[in-house]
Amino acid sequence: MENINLHPDTIAEVKDRVDLVEVISEYVVLQKKGREFSGLCPFHDEKTPSFTVNPVKQLYYCFGCGAGGGAIKFLMEIGKQSFREVTFDLAQRYQIPIKTLGVEQQQEIQRKISLRDQLYEILAVTANFYQHNLRQKDGENALNYLQNERHLSLANIDQFELGYAPDSWETLYHYLVEIKHYSVILVEQTGLIKKRSRGEGYIDYFRNRLMIPIKDGRGRVIAFGARSLDGSEPKYLNSPETELFSKSRTLFALDLANKNIVKQDQVIVVEGYFDAIALHIADINNVVAVLGTALTQQHIKQLSRYTESKQIILNFDADKAGLKATKRAIKEVEDLVYAGQIKLKVLNIPNGKDADEFLQSDADAFKQYQELIKKAPLWLDWQIEEILNSYDLANSADFELAFQSLVRLLNKISNNATKDYYLSHCAELLSRKKNQFTGFNSQELKTIYQSLQLATKKNNYRQKKNTYKVYKSSDNRQVTRAEFLLLLIYLHCPNKRENILDYLEEKDLVFSRAHHRFLWQKIHQLTGNISTNNDNYLLMTLQENMVNYPEYNSALNDIFNLQENDRPIISEPDHSIQSAIACLEAVSIEKYKQYCEQKISELNKEGDITKMNYYYQEIINTKVELEQLALLRMY
Ligand SMILES: [Zn+2]
C-alpha cells in the first residue's frame, strides 16, 4: 500500500463522495442537535459530549481537546493510518474506480479487490454445499433436530440457508480445492479449512455440525456458526477471525433486521442464533444476535446508526449466565449509557425462558412478547431492581450492602438531573422495601435520602482520587508490585482472567501506574471485555502490538516475558491475586480515611456535629476494613 500513488481524480472524487457523519458514526454514537451532531469525543476521555459534527461543512470539532478536521483527517488520526491508506480504503468503500499513477500499481489494486471478492465467493459456494448436505442421508440428524427440536419448517430452513457439515475430515477441502479448483491458500483464508497439526495437508474446520451462515449487513456470507449435534464441546463453534469476519463487529441477522430497525426505531439484541431465528419467523424482525461474545462498543455503534432514538433492548437468557452477560454488556457500553448517549433497556422473559422456548410455549406468546418489549425497563431501573431483589432489606447488614451498591451505581451517572431523579427514586424504594411490613415512615425516608446524598458526594471524591492518587513511598512500591502481579497473572493464567476482572469491577479499582494503565487498556481493546480466552493468543498479539509503543516496551518487559522467580506465582496464582487486590483496596480506603479526617477538621470549624459524627463513623468503618485487608495482605 505504501508505494501506491492514487491519481488526483480519485482523491478528488473520494473527498466529494465521502459522508462525514457516516464515517464518524462507526466510531462515535452521534445524536442530532439542531443542524449538527454531537457525541463523546473519541480522542479524549469525557463523560459529557463536546465533540460536534457539522454535516453541511463536513467538519468535526471537539471543544474539549481541540481535535478537528474532515473525514480523511478523522480516519487518519483514529486509525493511525497514512493519507494513502485512508483514501484507498474510502475509494474501495464507495466503489470509486481507483486510478493510480502507475500501471503496476493498478494491477496490484485489482489483485487486492479481487481477493476479497473471491473470499466471498468461496463462502457462498460453501453455504450452498452445506445446504445441499442437509438434505442428504448424512444430514438426517441435523434436519430432524431443526424440525423437531426447533420447530422450523423447510421454508424457514431455506430462508436462513441452514446446512450441515459432514462428519469427515476433508469433504469440504476436497470439494473446494479439488473439484472447484479454488486455491488452497484462499480457502485457508476463509477459515473453512486448517493445516493439520501433525503431518502434511489440511482438514475441514467444521465437522458433523449444524451450519448457520453469518452474513454482513449487505447479506454476503462472511463466516459460519456451527452447533454440535452429538453433544461434543464446544456446543457452538464460530469461524475463526478472518479478513472478512470479526465477531466483535458482527451481529447475526443484521442483514434481515437493518431496515426494520430503522422503521421501528428500536433494536432487540438476543444471545443465540435460534432466538434470533425464532423471533424473525414470528415476525418480530428488528432482532439481531451476538455471536457467543459480549456485546461490544463496536456492536452498539453499529446499531445506533440505524435508530435515531438509540433505543437498544437486551434480551439475554434469564439464567445466571445470561444475567452475567447482561451486566457485562451494560458494563462494556457504560460510558455511553451513563452519559445518556444510548437508551438501553433490558427485557427479561418470565420463568427463565429464552426467546425461542418462550415463543414455542403457547399460541399467545407473540402478543405477550410484544407486551414485554413495551414494558422493558431502562437498564438503570433494571439494575436497581436487581440490587434490591438480591438483599433482604429488613436485615440491617443486607440493607447496608444494598445501600453501598446503589451508591456505586448512582455515582456513575454524569448527568446531574438524572442523578437527582434516581437519588430520590432509590431512597423511596429503599425505605418502602425496608418497611414493607411495618408501614411507610416519612421521617426515615428523609434520613435515607440524606445519607444517600452524602454518600454519593463522598464516593465521587473517592473515585476521582482513585484515578489520580499519590502515595507514600512504601505504598508506592507495594502498589506497583500489586498491579504488576495482577497483569502478570492476567496474561499468563487465562483461567484467572474472569476472576481478576470481577474483583476489579466489584471493588472499583483502577491501575494507577501509567504503563500498567496503558497495558490494561490495550488488553480491553483486544478482548472486547471477553475474559475467558483460553489461549495465548492475547499475549502474542499484545507483544506484536507493543512494537509500536517503544516508550512502554521496556517497562512492561517483565510482564510479557516471565522471569524465573515469578514462575511460582503463575503456578499458584490465587494467593497473589487476593493479596494484590487487598493491597490496592487498602490504599484506596486509606486515602478515603484521610479525606474523612480532613472533612472533620473543616466541619469542626463550622461546628456541624451531625456531619462530623457521620465522618467519625466512616473512619471507624475504614479501620475495620483495613484490619481485614491487612490479614489478606500477609500472604
Ligand atoms: Zn476531544
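No hydrogens, no waters, no symmetry mates; every other heavy atom, side chains included, goes into these values. One-based numbering, in listed order, for ligands and for the atoms of each. Every value quoted in this text rests on a predicted model; they were computed, and no experiment measured them.
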- Query: Taking atom types as modelled and ignoring hydrogens, do the side chains of R305 and S25 form a donor-acceptor contact shorter than 3.5 angstrom?
  - Reply: no
- Task: May I ask you to decide if the ring planes of H425 and Y421 are parallel, tilted or perpendicular, using 30° and 60° as cut-offs?
- Result: parallel
- Task: Measure up the W379 and Y338 rings against each other and bin them: parallel (under 30°), tilted (30 to 60°), perpendicular (over 60°).
- Result: perpendicular
- Do the side-chain N and O atoms of H299 and Q297 include a donor-acceptor pair separated by under 3.5 angstrom? no
- Answer whether the closest heavy-atom distance between the side chains of T10 and P97 falls below 4.5 Å. no
- Item | Set of residues satisfying side chain to side chain donor-acceptor pair (under 3.5 Å) with respect to K327, sequence neighbours excluded | none
- Item | the Zn ion (ligand 1): protein N, O or S atoms [distance under 2.8 Å] | C41 SG, H44 ND1, C62 SG, C65 SG
